[in-house]
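As structure tokens, the structure follows; a few thoughts come after it.
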Amino acid sequence: MSEETSKPLNFIERIVKEDLDSGKTPAIRTRFPPEPNGYLHIGHAKSIWLNFGLAQKFGGKCNLRMDDTNPEKEDEEYVESIKADVQWLGYQWDGEVHYASDYFEQLYEWAVHLIEAGKAFVCDLNAEEMRTYRGNLTEAGKDSPFRTRSIEENLDLFARMRAGEFADGSRTLRVKIDMASPNINLRDPVIYRIKRATHHQTGDKWCIYPSYDYAHGQGDALEGITHSVCTLEFEVHRPLYDWFINNLPVPAQPHQYEFSRLNVNYTITSKRKLKQLVDEKHVDGWNDPRMPTVSGMRRRGYTPKAINDFCEMAGVTKVEGVVDVGMLEFAIREDLNEISPRAMCVLRPLKVTLTNYPEDQVETMTAPVHPQHEEMGTREMPFCREVFIDQDDFLEEANKQFKRLVLGKRVRLRNSYVIEADEAIKDTDGKIIEIRARVIEGTVGNNPEDGVKPKGVIHWVSARDNVDCEVRLYDRLFNDPAPDAGGKNFLDSINPGSLAILSGCKGEIGLAQATLEDRYQFEREGYFVLDSKYSTAEKPVFNRVIGLKDTWEKAGA
RNA sequence: AGGGCCGUCGCCAAGCGGUAAGGCACUGGAUUUUGAUUCCAGCAUUCCCAGGUUCGAAUCCUGGCGGCCCUGCCA
């Protein structure tokens, strides 16, 4: 790639490159550190893309580390889903999965080290008292009355905390930094709390657990992480991160760098709110195709490539912005357009009887699997006297903008004949239930000899040989670009039309061979994939991943 | 006057003192048996604002304005 066409490095890539070039570090190691307390979403996908991508790009390694310091909120179910999601996105962590809990013993020893150095103390203040002593944004805090305990007493008390002699919440281990610091995170932060909770990895071995601030940087140091990348809200924690690294005999000196988290409009990425959608059954589970979770996007039919491309497109900066979902949709269409075999599927069938076509005749029509990729081969489909077209593709009369079938006018059946409509048959309610039309002889692959060209092209499927299926059309889950902004209740902006289930859809016969991995472009409709939850061999269920770009609807017709 | 961070096109985003990349969106127009794709063209005299330094400022300085984060024994 030439100088002028190569993409400029983002600020983190630039830091990495400089560290590598200067020899500050011979190789880099990053890590993706989720807390196993929920399912991964699009925001995590960006972190995964960034951390694993950085390692890939610069010939380094990336670890997967469960940040499991709060057993009350975590569960093995989540660690399993996290591993699956990371791999589905196309990444493989270096070595085994790591856990912050792997380091509990070492962390404990280092805590003792801090006590021995006179830098940590056991505090008996309860939560409310501690809040009072902490001061606030404009007023300095006060030293805890327990700050001056002797090293011996602290050592004894801390050992007894571990031994389970004290009640939950009754004491904490705190580090002595500065109660007057303008950075509240430095006002003698708690690094251990007593919490009798069974841990998904360590069981009941511990009743004291280290805090995130205390565990994270040390975990990085232990794993040899060189660049610890996290989101902006941890920026004010960096001085604490560095304090531990500088005051503990850690084996390495990792550094923390922060970038702005990904926000996408019409979308929420709060784990709490996502969980609420699931718990209150507003959606069909964590992997509901409308969810911005990795598992939801997977079930919806998004590809890992599209998600990774999207992350790259959005970029890495410290600016807190909101990316347009349109960019995500573009990334998906771009990938799917390239790789998807084409097929025809009539979503709202309307029967067309071709009155001049012999009752018992069947012709085999051949069509390219992908018009831009001849190497993908061809497909065949039977054509006969009765076919289905979409109800939206017929109008008794219309202006010349309408490029579909109109009474007395012609239209091309894609990959087949040009037909001309003669009559619309209606039921007693006036609803059109059948069209009677004629094929124009010799128009397969050719324009009509009489020079009257069809106005447009519509898709169709044989009414005798087809695959009956259900199709699920998804729209954005929220109507509001910022569902949870301000004081709004995000539930109020749920889009009631976010899921439309169409049954009795008719797909071309080749669709009977579809597998869960195959994504198709249903021509003129969009991209579709079998639903992993509801689809069966007898009754295929297709999810619409994303519609085709539609400049017609936008034109307001 | 608590501390930290951020402000470049409708949305992302390059740019790091030499005269505003790119992508999404949008608007033309060409090709098209998908109103898709592809293709070509257009789209910031201006970089939150105001001063200043300089031959020259989005880039440096000063002062404002606006936004976000931090007062969990969450991460």
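Letters A, B, ... are given to chains in the order of the sequence lines, protein chains preceding strands, and every chain is numbered from 1. The shown structure was predicted, so the numbers you read here are calculated from the model rather than taken from an experiment.
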Quiz item: In terms of side-chain heavy atoms of A:Tyr212, which of B:A75, B:A36, B:C74 is nearest?
Solution: B:A75
Practice problem: Specify whether A:Tyr212 and A:Phe234 have parallel, tilted or perpendicular ring planes, treating 30° as the upper limit for parallel and 60° as the lower limit for perpendicular. | Solution: tilted
Self-check item: Presence of A:Thr551 side-chain N/O under 4.0 Å of B:G35 phosphate oxygens OP1/OP2
Solution: no
Self-check item: Spacing between A:Met130 atom CE and B:G72 atom P, to the nearest angstrom
Solution: 11 Å
Quiz item: Base, sugar-phosphate, or nothing for A:Thr69, non-hydrogen atoms under 4.0 angstrom?
Solution: sugar-phosphate
Exercise. Tell me what A:Gly321 touches on the nucleic acid: a base, only sugar-phosphate, or nothing, going by heavy atoms under 4.0 Å.
Key: sugar-phosphate
Quiz prompt | Nucleotide forming a Watson-Crick or wobble pair with B:A30, both distances under 3.5 Å | solution = B:U38
Quiz item: Would you say the side chain of A:Arg412 and the base of B:U33 hold a donor-acceptor pair, judged only by whether the two atoms sit under 3.5 Å apart?
Solution: yes
Quiz item: Watson-Crick or G-U wobble partner for B:C5, using a 3.5 Å limit on both distances?
Solution: B:G67
Quiz item: Taking for each residue the nucleotide of RNA chain B bearing the nearest heavy atom, is the 5' side occupied by A:Asn185 or by A:Asp68?
Solution: A:Asn185
Quiz item: Can a side chain N or O of A:Arg524 be found less than 4.0 Å away from OP1 or OP2 on B:G35?
Solution: yes
Quiz item: Distance between the P atoms of B:G10 and B:C47, in whole angstroms?
Solution: 13 Å
Quiz item: Nearest-Å distance, NZ (A:Lys73) to C1' (B:C73)?
Solution: 12 Å
Self-check item: B:G51 versus B:A57 - spacing of their C1' atoms, nearest Å
Solution: 13 Å
Quiz item: Within the structure shown, what part of the strands sits under 4.0 Å from A:Val316 by heavy-atom distance: base, sugar-phosphate, or nothing?
Solution: sugar-phosphate
Quiz item: Is A:His237 touching bases, backbone alone, or none of the nucleic acid, heavy atoms closer than 4.0 Å?
Solution: base
Exercise. Report the nucleotide, chosen from B:C24, B:C74, B:U71, that has the shortest atom-to-atom distance to any side-chain atom of A:Arg131.
Key: B:U71
Quiz item: Has the side chain of A:Arg187 got a donor or acceptor that lies under 3.5 Å from a partner of the other kind on the base of B:U71?
Solution: no
Exercise. Sort out the partner of B:A20 for me: Watson-Crick or G-U wobble, both distances under 3.5 Å, none otherwise.
Key: none
Self-check item: Value in whole Å for how far the C1' atom of B:G67 lies from CG of A:Leu232
Solution: 12 Å
Practice problem: If the glycosidic angle is within 90 degrees of 0 it's syn, otherwise anti, so just tell me which one B:G72 is. | Solution: syn
Quiz item: Looking at the side chain of A:Arg193, which of B:C70, B:U37, B:C74 is the nearest nucleotide?
Solution: B:C74
Self-check item: A:Val236 side chain, from C-beta outward: closest of B:U33, B:G3, B:C5
Solution: B:G3
Self-check item: Minimum-distance nucleotide to A:Lys318 side chain [options: B:C5, B:U37, B:C73]
Solution: B:C5
Practice problem: Could you tell me the separation between the CE atom of A:Met313 and the P atom of B:A21, rounded to a whole number of Å? | Solution: 21 Å
Exercise. Check every atom of B:U71, B:A75, B:U33 against the side chain of A:Val457 and return the nucleotide holding the closest atom.
Key: B:U33
Exercise. Check whether any side-chain nitrogen or oxygen of A:Ser211 sits under 4.0 Å from OP1 or OP2 of B:A75, and answer yes or no.
Key: no
Exercise. Using the side chain to side chain donor-acceptor pair (under 3.5 Å) rule, pick out the option among A:His216, A:Glu223, A:His98 that qualifies with A:Arg31.
Key: A:His216
Practice problem: Find which nucleotide of RNA chain B each of A:Glu320 and A:Ser170 is nearest to by heavy atoms, and output the residue with the more 5' nucleotide. | Solution: A:Glu320
Quiz item: If you measure from the Lys or Arg side-chain nitrogens to the Asp or Glu carboxylate oxygens, is any gap between A:Glu320 and A:Arg261 under 4.0 Å?
Solution: no
Quiz item: Going by modelled atom types, is there a donor-acceptor pair between the base of B:U34 and the side chain of A:Gln521 at under 3.5 Å?
Solution: yes
Practice problem: Report yes or no: is the cationic atom of A:Arg174 (NZ for Lys, CZ for Arg) closer than 6.0 Å to the six-membered ring centre of A:Phe121, at no more than 45° off its axis? | Solution: no
Practice problem: Using a heavy-atom cut-off of under 4.0 Å over every strand shown, decide if A:Gly456 touches base, sugar-phosphate, or nothing. | Solution: nothing
Exercise. Assign A:Pro371 to base, sugar-phosphate, or nothing according to its heavy-atom contacts below 4.0 angstrom with the strands shown.
Key: base
Exercise. Kindly indicate whether a cation-pi arrangement holds for A:Arg162 with A:Tyr108, taking the cut-offs as under 6.0 Å to the six-membered ring centre and within 45° of the axis.
Key: yes
Quiz prompt | cation_pi(A:Lys195, A:Tyr209) dist<6.0 Å, angle<=45 | solution = no
Quiz item: Which whole number of Å gives the distance between the P atom of B:A25 and that of B:G18?
Solution: 33 Å
Quiz prompt | B:A21 and B:G29, which share atom name P, separated by this distance in whole Å | solution = 26 Å
Quiz item: When you compare B:G23 with B:C43, how far apart are their P atoms, in angstrom units rounded to a whole number?
Solution: 14 Å
Exercise. Ignoring the backbone of A:Glu233, work out which of B:C69, B:U71, B:G7 is nearest its side chain.
Key: B:C69
Self-check item: Of the listed nucleotides B:U33, B:U71, B:G35, the one nearest the side chain of A:Arg414
Solution: B:U33
Exercise. Report the base-pairing partner of B:U59 (Watson-Crick or G-U wobble, both distances below 3.5 angstrom), or none.
Key: none
Quiz item: Just how far, in rounded Å, is C1' of B:U34 from CE of A:Met381?
Solution: 13 Å
Exercise. Provide the distance between the two P atoms, one in B:G28 and one in B:U37, to the nearest whole Å.
Key: 15 Å
Quiz item: Within the structure, does a side-chain N or O atom of A:Arg134 lie under 4.0 Å from either OP1 or OP2 of B:C73?
Solution: yes
Practice problem: Identify whether any heavy atom of A:Asn126 sits under 4.0 Å from a base atom; if not, whether one sits that close to sugar-phosphate; answer base, sugar-phosphate or nothing. | Solution: base
Quiz item: Between A:Asp392, A:Asp390, A:Asp393, which is the residue that forms a salt bridge (Lys or Arg N to Asp or Glu O under 4.0 Å) with A:Arg524?
Solution: A:Asp393
Quiz item: Should the ring pair A:Phe522 and A:Phe528 be called parallel, tilted or perpendicular, given that the plane angle runs from 0 to 90° and is split at 30 and 60?
Solution: parallel
Quiz item: What's the CD1-C1' distance between A:Ile184 and B:G2, to the nearest Å?
Solution: 8 Å
Practice problem: Take the angle between the ring planes of A:His373 and A:His370 and call it parallel below 30°, perpendicular above 60°, tilted in between. | Solution: perpendicular
Exercise. Counting Watson-Crick and G-U wobble pairs only, both distances under 3.5 Å, name the nucleotide matched with B:C74, or none.
Key: none
Quiz item: Expressed in angstrom and rounded to an integer, what is the separation of A:Leu548 atom CG from B:U32 atom C1'?
Solution: 14 Å
Quiz prompt | Selected nucleotide, minimal atom distance to A:Ala314 side chain, candidates B:U37, B:C12, B:G23 | solution = B:C12
Quiz prompt | Centroid separation A:Phe330 to A:Phe310 less than 6.0 Å | solution = no
Quiz item: How far does the C1' atom of B:U54 sit from the matching atom of B:A75, given to the nearest Å?
Solution: 49 Å
Practice problem: Indicate, with a heavy-atom threshold strictly under 4.0 Å, whether A:Ser181 touches base, sugar-phosphate, or nothing. | Solution: nothing
Practice problem: Name the closest nucleotide to the A:Phe330 side chain, picking from B:U37, B:C73, B:C24. | Solution: B:C24
Self-check item: Sugar-phosphate, base or nothing in reach of A:Arg272, heavy atoms under 4.0 Å
Solution: nothing
Quiz item: Taking atom P in both B:A13 and B:U46, what distance in whole Å separates the two?
Solution: 23 Å
Quiz item: Rounded to the nearest Å, what distance is computed from the CD atom of residue A:Glu35 to the C1' atom of nucleotide B:A75?
Solution: 5 Å
